Each structure stands twice: as C-alpha cells, then as structure tokens.
Amino acid sequence: MNATMELLHSHRSDRDFSTAPISDLSLDAIVEAAHRAPTSMNGQQVSLVVVRAPEKRARLAEIAGGQPWIATAPVFIVVLMDFYKTRVGVEVAGEKQLIHESLEGYTVGAVDGGIALGTLMTAARSLGLGVVPIGGFRRDPQAVIDLLELPPLTFPLAGVAIGHVNTPATQKPRLPTSSFRHDESYQAQALAPAILAYDRNLLDYWREIGRNDGLSWSKNTAAAYKQVYFPLTYPVAKKQGFSNDK
C-alpha cells in the first residue's frame, strides 16, 4: 500500500493530547484541505469555526458532556452546515433561498459537513497529529450557537480535536467487511452472523486493553439507538431555520 492508504487504514481516535501548540502553518494547511473538499452543486454550504481560546474549548468540553480532550488539545474545529452563506449569495443573484427548508437541503449540508470533517482528520494525521471527532456538543446545540455567535441558517454538526499525541490510542476492531461491502445489491443475510462475530471480537478487545466495562457492539448500539440520544438537535435546528418540511 502507498502512504495515503496506510494512513487511512490506521485510523484511530486519540484522546491523550499534549498542550503543545499546532503551528499556524500546519493549521492553515489543514483548514485549506477541508476548504478544497467537494460540496454538492459547488454550494460550499460548509464553514468552520477554529477554536483555540482555552476558555472556549473548556466550555465546549463541558457542553459535550465532559470530554476533557476537547480542552486539552490546542485546537478544536467546529464544522457548520452553513446556509446563511448561501442565502447571501442567492440574494446577491436576486432570488430567494428555499433549499434550507427541505430535508434534501439538510441532508446535503450534513453530507458535505461530513466530507469536510473527514478531510480535516486525514489532513491533520498526515502531519503527524492526532484527532478525535466529536458530536457530543449536540447535547446542547443552542449553547454552541451562543458560544460561537452563529447566525441563523447555520448548525454545528460535529467537530474535531487536533493535537500532538502523548500515548497513541489502540485501533478498535470493526464489523466484518461483509457487513459493510455489498457487491451489486444489499446482502441482508450477511448481517446477523457478522454482528455476532463482531460482538465476540469486540469483547475480546475490551478485555485485552483492560476495559472491564466494555460492551458488545449490539448492546452498546442498542443503548444509544433505542432513544433519540440528542433530542435538542431537531428543535434547535428548526429554530435556526431548518424546517425540513419540504
């Protein structure tokens, strides 16, 4: 494999960061990589808020449910769905924007935000830095909006902590490829045996790293997905102008 493939195949989420700063040159290169990532219709309905101020990172860590690595890492980048920017452009063209009221618009914004997030992580890791993506601040998205002074028609989708790593994380095993890759058509019959095998594999992994509280994948997923675990996402997104009724 080439170096890029090796980097992608070795992904892990690091949470043990030093407080050493990231150079402006490196940070600019990481941000520009995400800036160049593709977006639907070239709408560029994604923006980033780069947070380096310690007090703001500490507040984001609190909002996210107490994730200290957000405060420890020297940089946290929030990925926004940004239809405020596109509305300004639409109005310059003498038209009225409608797309932000639709599920299609929200989907496009979320997909393009995910592409930007993945690009940020790959760019940072290519420079020898560690990363951990964060969605936990959607526990209270209004608090994030207030903290970062976000305008209407924007929504904080996710973020990534970036920094120099003290002790690298271990790489967590994944579900078998048979549950992920479907050739020509969806292979539903492969899922149950793949999940059962992965449950055993993941429990072995937790034991190997000394995590006696680790759950199987099915139980961990059930604990989260039997409920809407961040119930403020919809009402705050609606308040921001995303009605999703078209």
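Everything quoted here is computed from the prediction, not taken from an experiment.
Residues L48 and I30 share a single hydrophobic cluster, defined by chaining ILVMFWY side chains whose heavy atoms lie under 4.5 Å apart.
In this structure, the side chain of W69 does not engage the main chain of F17 through any donor-acceptor pair within 3.5 Å. No donor-acceptor pair closer than 3.5 Å links the side chain of S26 to the backbone N or O of S23.
Considering only heavy atoms from C-beta on, L202 stays 4.5 Å or farther from N220 through its side chain. Looking only at side-chain heavy atoms (C-beta outward), L203 and R200 stay at 4.5 Å or farther from each other. Contact of the F83 side chain with the I99 side chain is registered, since non-hydrogen atoms from C-beta on lie closer than 4.5 Å.
We find the CG-NE2 distance between D82 and H100 to be 12.5 Å, quoted to the nearest 0.5 Å. Taken from CG in D112 to CD in Q45, the straight-line distance is 5.0 Å, to the nearest 0.5 Å.
In this structure, E32 pairs ionically with R36, as a charged nitrogen and a carboxylate oxygen lie closer than 4.0 Å. One finds no salt bridge joining R125 and D14 here, because no Lys/Arg side-chain nitrogen approaches an Asp/Glu carboxylate oxygen to under 4.0 Å.
Y106 and F155 have tilted rings, their planes meeting at an angle from 30° to 60° on a 0 to 90° scale.
Of the residues E95, E101, K96, the one that meets the side-chain contact (heavy atoms from CB on, under 4.5 Å) test with L98 is E101.
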